[in-house]
Amino acid sequence: MSSSPARSNPVILDGTATAKTIRAEVAHRAAVLKTQHGVTVGLAAVLAGDNPASVTYVAMKRRACARAGIHSVSREFPSDATQQQVMDAVRELNADPNIHGILVQHPLPSGMDEYAILAAVAPEKDVDGIGRGSLGDLVKGEAAFVACTPAGMVELLDRYELPIEGKHAVVIGRSVILGKPMALLLLNRNATVTVCHSKTRNLADITRQADILVAAVGRPEMITGDMLKPGAVVLDAGYNRVPGRDHDVGDCDFASCARVASAITPVPGGVGPMTIALLLANTVKAAESSVRRSTTTGAL
Ligand code: NAP
């Protein structure tokens, strides 16, 4: 009796290397804007409260901007700041011609209406892609800016030439920043999409049908290899701190999933680095659009 053939090792979707390539492309485009148009690309972060993860993310984004030749500023507010103060800062940045992208770091302190603040970001500066206009445009299939983590995952599929059209994609998670825009992006690329969430029944029965599985849950290693279809492409957006582990872990149990998948993102080094790279790419895109508008109107 012959045993079933062992699967070959999966392709490791290397977000660190891919993000490095994207950041180099961004740096080149930023340099072109500077030399040809005298424009320095500018990104502003709005940070309210002292959430340690948010403070770390904003610092990481600033460092990434500096390396790509993007000027970055931040507007920081204490936890007890008023919504009006944050809104005023957003409006001031909207009007600042040196700022091409605005990122409102979430979560905002409780009591602030995050949706209203995000909606105040000018659509042409909404490089995080989660303002009302950007999400609406994504539904229509023509968003200028798409939320950076989902956009990063699709970019990773594209750069590894993994097809989307006609595939059954299962997205676990339906948050506004991650699961929902990811489902829409995949739908816009002609995948057949199933979205799962905390009330989904028989999750494993559904995940086993996925050609592309996206985990965006926030539960360490909840997806195991036995929940996958052999040969599935696995994108793990999860980023979970687990006591006693020396690095953050994903929503997928990497060891068992890697035995079944044909391609998989590691954590860390998969989806995470792509998020910041896409933020930079969106920002330089916003600056290029601004230059085009100014050229058309003769303002530059
Ligand atoms: P979130 O807002 O908490 O959403 C989690 C989603 O998972 C919800 O839709 C929830 O369903 C669903 N869910 C929870 N338990 C489930 C279960 N047992 N079975 C199926 N679905 C379940 O989280 P998020 O902001 O989308 O983030 C998700 C993960 O991605 C986190 O680990 C986060 O750290 C990570 N993340 C990574 C990046 C990056 O750059 N790599 C960026 C953002 C987030 P309900 O809607 O029913 O509650």
Side-chain angles (χ1 to χ4, degrees), residues 13-16 18-19 22-23 45 51-61 63-64 103-108 110 114-115 118 127-130 135 138 145-157 169-186 193-210 213-224 227-228 234-243 245 247-254 257 264-282:
L13 303 173
D14 186 342
T16 304
T18 310
I22 294 170
R23 290 202 312 268
N51 180 311
S54 295
V55 173
T56 305
Y57 288 144
V58 169
M60 281 166 66
K61 286 163 189 171
R63 281 197 296 276
L103 158 85
V104 179
Q105 185 64 46
H106 42 89
L108 289 166
S110 59
E114 191 164 299
Y115 192 57
L118 289 170
V127 291
D128 218 15
I130 50 176
L135 289 171
L138 181 61
F145 304 112
V146 176
C148 299
T149 305
M153 286 193 271
V154 169
E155 188 72 27
L156 209 44
L157 292 177
V170 173
V171 179
I172 317 173
R174 56 175 168 179
S175 70
V176 171
I177 61 158
L178 227 174
K180 279 181 187 163
M182 186 63 187
L184 286 166
L185 269 181
L186 292 165
V193 182
T194 304
V195 181
C196 302
H197 46 77
S198 66
K199 307 291 185 292
T200 297
R201 294 187 187 154
N202 305 322
L203 182 67
D205 288 348
I206 300 168
T207 57
R208 278 191 209 106
Q209 297 171 34
L213 182 88
V214 179
V217 184
R219 286 180 180 258
E221 299 175 332
M222 71 170 273
I223 306 297
T224 46
M227 296 171 73
L228 299 181
V234 177
L235 299 168
D236 186 354
Y239 217 79
N240 309 291
R241 191 135 296 174
V242 176
R245 298 285 286 271
H247 62 77
D248 290 335
V249 302
D251 291 342
C252 298
D253 170 41
F254 185 83
C257 288
I264 184 167
T265 54
V267 178
V271 174
M274 294 296 289
T275 300
I276 292 185
L278 265 288
L279 175 70
L280 302 183
N282 279 349

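Both counts, for ligands and for their atoms, begin at 1 and track the order of listing. Reckoned from all heavy atoms, side chains included, excluding hydrogens, waters and symmetry mates.
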**OP:** With side chain to side chain contact (heavy atoms under 4.5 Å, CB included) as the test, would you mind laying out the steps for M153 and L178 before giving the verdict?
**Re:** CA-CA 10 Å; M153 286 193 271; L178 227 174; 3.5 Å; yes
Original post:
Partners of R63 by side-chain hydrogen bond (donor to acceptor under 3.5 Å, both in side chains), sequence neighbours excluded?
Top reply: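 With sequence neighbours excluded, R63 shows a side-chain hydrogen bond (donor to acceptor under 3.5 Å, both in side chains) to no residue whatsoever.
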**OP:** Carefully, step by step, assess V170 and L213 under the rule side chain to side chain contact (heavy atoms under 4.5 Å, CB included).
**Re:** CA-CA 5 Å; V170 173; L213 182 88; 4.0 Å; yes
Subject >> Worked check of side chain to side chain contact (heavy atoms under 4.5 Å, CB included) between I264 and D236 >> reply: CA-CA 8 Å; I264 184 167; D236 186 354; 5.8 Å; no
Original post:
Does any non-hydrogen side-chain atom of E221 lie less than 4.5 Å from one of V242?
Top reply: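 Side-chain contact under 4.5 Å: no.
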Original post:
Any side-chain heavy atom of Q209 within less than 4.5 Å of one from T194?
Top reply: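 No, their side chains stay 4.5 Å or more apart.
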Original post:
So which protein residues pack against ligand 1 under 4.0 Å, heavy atoms counted?
Top reply: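 T149, I172, G173, R174, S175, I177, L178, H197, S198, A216, V217, G218, R219, M222, A237, G238, Y239, N240, V271, G272, T275.
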